[in-house]
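Let me begin by presenting the structure, written as structure tokens, before commenting on it.
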Amino acid sequence: MLTVNFASCFSAILLAIVQALFLLLLAPVLSGIARKIRAKMHSRQGPLGVAGILQDYRDILKLLQRQEVTPAHSGLVFRATPYVLIATMLTVAATLPMLVQNTALAGASDLITLIYLFALFRFFFALSGLDSGSAFAGMGASRELVLGVLVEPVLILSLLVTALIAGSTSINAMSGLALTDWGGKMPIAAILAFVACGFAVFVEMGKIPFDYPEAEQELQEGPLTEYSGVGLALVKWGIYLKQAVIASLFLCVFVPFGSTTAGDNAGFFYLLFSLIVFAVKLVIVYTLASLYENSLARGRFLLTSRVTWMGFGIAALSFAFYFSGI
């Protein structure tokens with residue numbers, strides 16, 4: 001019996017590592033696809049062919065080979081932030097039921113824990129800007145915190161409604177409900193939660209009008225101003241990874257179709273099929289987000305609260321429909 005449990009835990013840990021590395025390696029590709037779509041919709045040439053989609057890999061490798069220079073007034077938080085960003089998102093990626101349902105690590109994928117990990121990412125990202133001693137980085141940090149105040153309630157409330165419908169805060173249980181009986185006995189509440197969560201994911205992916213790729217130092221990436229070399233490479237990679245992880249969380253909760261239910265006994269071909277299906281779903285999410293993003297006009301950051309109120313209203317309406325039993 002002990003041998004069976006040990007083998008089950010070992011396979012679950014191995015699967016978690018595979019998931020985390022899969023998203024870590026795929027994140028720059030997804031960013032390159034979004035950049036390619038943006039260029040085409042702006043009538044620009046953009047990155048050329050498949051090699052252009054892989055441009056973020058070349059940028060990261062180039063930065064990893066350069067000397068790292070840190071501000072004289074920066075402290076431990078500034079230096080530790082790149083590693084904290086990568087570690088938190090890898091932890092989330094490892095516990096999501098991306099490829100297999102009902103694994104031995106399913107209990108680690110808890111909604112409350114994951115929300116705190118996302119908050120930890122934002123906290124360190126903003127704090128690094130303040131710790132750098134740069135006024136411009138501090139401005140970017142304050143804007144990052146403002147955006148967090150605006151969007152995190154939407155994300156939390158929409159996922160909370162889904163957890164209430166599933167009867168558990170376990171991401172695995174929420175994913176299992178969507179896989180077997182989407183929405184349960186409250187389909188309207190589930191649909192509204194789906195829309196609200198999709199809105200929050202769109203914001204967290206750094207899309208217009210909440211962030212501008214053409215002027216990345218203006219808003220969310222303001223804290224990057226003082227980073228260079230290895231630190232800049234890891235922080236940018238962490239941002240790419242966060243975008244992929246938040247999209248993966250959305251897919252695991254609301255669109256889990258394609259993942260196997262074989263648990264820890266899933267064979268290689270089941271895992272390979274689930275991996276391919278999940279990669280296709282991520283590409284579709286990034287494509288749809290990029291198409292919608294580039295159909296919007298730039299707007300003032302101070303007016304974003306008027307947009308996020310719409311997402312919060314949908315999430316609150318979903319919460320009201322849940323208590324109405326609809």
Side-chain angles (χ1 to χ4, degrees), residues 23-24 27-28 31 34-35 55-93 114-152 155 200 203-246 298-305 308:
L23 281 187
L24 182 66
S31 176
R35 180 187 299 180
Q55 180 61 44
D56 288 318
Y57 284 117
R58 291 196 288 270
D59 293 341
I60 291 173
L61 290 176
K62 187 186 300 182
L63 289 171
L64 289 174
Q65 297 171 4
R66 291 186 176 179
Q67 181 182 4
E68 184 175 6
V69 180
T70 57
H73 301 287
S74 63
L76 178 62
V77 172
F78 182 85
R79 294 171 175 82
T81 293
Y83 304 97
V84 173
L85 301 187
I86 293 288
T88 52
M89 289 301 102
L90 285 178
T91 302
V92 177
L114 298 190
I115 290 298
Y116 272 105
L117 287 173
F118 281 114
L120 184 66
F121 181 101
R122 174 169 275 114
F123 174 76
F124 269 88
F125 185 55
L127 196 60
S128 66
L130 298 175
D131 192 48
S132 67
S134 168
F136 193 75
M139 183 189 304
S142 65
R143 292 183 172 185
E144 172 70 14
L145 292 176
V146 169
L147 191 62
V149 170
L150 293 175
V151 70
E152 285 183 0
L155 179 65
V203 178
E204 291 285 11
M205 290 174 69
K207 301 299 184 181
I208 288 176
F210 308 99
D211 191 19
Y212 307 120
E214 292 82 1
E216 62 180 14
Q217 300 297 339
E218 291 184 8
L219 295 177
Q220 286 179 300
E221 298 190 5
L224 295 182
T225 305
E226 299 299 328
Y227 278 103
S228 61
V230 176
L232 180 58
L234 293 179
V235 173
K236 291 181 74 70
W237 206 347
I239 293 173
Y240 298 151
L241 180 58
K242 179 193 176 183
Q243 295 173 356
V245 168
I246 195 71
R298 290 187 60 160
R300 294 177 57 193
F301 179 78
L302 295 177
L303 300 179
T304 54
S305 59
T308 54

Quick one: does any side-chain atom of [X] pair with a main-chain N or O of [Y] as donor and acceptor, under 3.5 Å?
X	Y	result
W237	L24	yes
R79	G231	no
S228	V69	yes

Which atoms form the tightest heavy-atom contact between [X] and [Y], and what is the distance?
X	Y	value
G129	A141	CA-CB, 4.3 Å
A244	A27	CB-CB, 4.1 Å
V245	M89	CG2-O, 3.8 Å
E204	Q243	O-CG, 4.2 Å
S31	D56	OG-OD2, 3.0 Å
T91	A87	OG1-O, 2.8 Å

Exercise. Evaluate the criterion side chain to side chain contact (heavy atoms under 4.5 Å, CB included) for residue pair Y240 and I60; output intermediate values, then yes/no.
Key: CA-CA 11 Å; Y240 298 151; I60 291 173; 4.3 Å; yes
To the nearest 0.5 angstrom, please state how far the [atom1] atom of [X] sits from the [atom2] atom of [Y].
X	Y	atom1	atom2	result
L120	I115	CG	CD1	13.0 Å
I239	K242	CD1	NZ	8.5 Å
S128	L76	OG	CG	12.0 Å
L90	Y83	CG	OH	13.5 Å
L241	F121	CG	CZ	8.0 Å
T81	I86	OG1	CD1	12.0 Å

Quiz item: Would L150 and V203 satisfy side chain to side chain contact (heavy atoms under 4.5 Å, CB included), going step by step from the backbone distance to the final call?
Solution: CA-CA 10 Å; L150 293 175; V203 178; over 6 Å; no
Practice problem: Apply side-chain contact (heavy atoms from CB on, under 4.5 Å) to L232 and list each qualifying residue two or more places apart in sequence or on a separate chain. | Solution: L63, L224, Y227, K236
Exercise. Mind running side chain to side chain contact (heavy atoms under 4.5 Å, CB included) on L234 and L85 for me, showing each step along the way?
Key: CA-CA 8 Å; L234 293 179; L85 301 187; over 6 Å; no
